[in-house]
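We use all heavy atoms of the structure for the numbers below, so side chains are in, but hydrogens, waters and symmetry mates are not. For this chain, numbers begin at 1 and follow the sequence in order.
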Amino acid sequence: MIRFGFTIRTRMGQRIENVSIIAGSQRDAERRLRQMYVQCEIVECRERSIPRRFEPAGMASMIDLMGISPPTIQHHG
């Protein structure tokens, strides 16, 4: 999936920056954007790929982290 960041001008002329939509293609992102902002003008479109959250190595690291016990608090009295 790709994160698309749009800067738009609404049909009333208001400029809106950083409208973020995650989609498989720019065409799909623009379609969804136009459902939210009818008759808007796209001023700028930026795209950034989204890293996968659970890579095999990442999952192993998460399991390792879950196995670590929480720190103990020692009181000096």
For Glu17, what residues pass the side-chain hydrogen bond (donor to acceptor under 3.5 Å, both in side chains) criterion, not counting sequence neighbours? Arg15
With sequence neighbours excluded, tell me which residues meet side-chain hydrogen bond (donor to acceptor under 3.5 Å, both in side chains) with Thr7. Arg46
For Met36, the other hydrophobic cluster members (4.5 Å side-chain criterion, sorted by chain and number) are Ile2, Phe4, Phe6, Ile8, Ile16, Val19, Ile21, Leu33, Tyr37, Ile42
Note: Arg34 and Cys40 closest approach over all heavy atoms is NH1-O, 2.9 Å
From Met1 atom CE to Ile22 atom CD1, the distance as rounded to the nearest 0.5 Å: 7.0 Å
Apart from Val43 itself, what residues make up its hydrophobic cluster when side-chain heavy atoms of I, L, V, M, F, W and Y under 4.5 Å apart count as a link, directly or indirectly? none
Could you name each residue pair satisfying side-chain hydrogen bond (donor to acceptor under 3.5 Å, both in side chains) that touches residues 21-33, not counting sequence neighbours? Gln26-Glu30, Asp28-Arg31
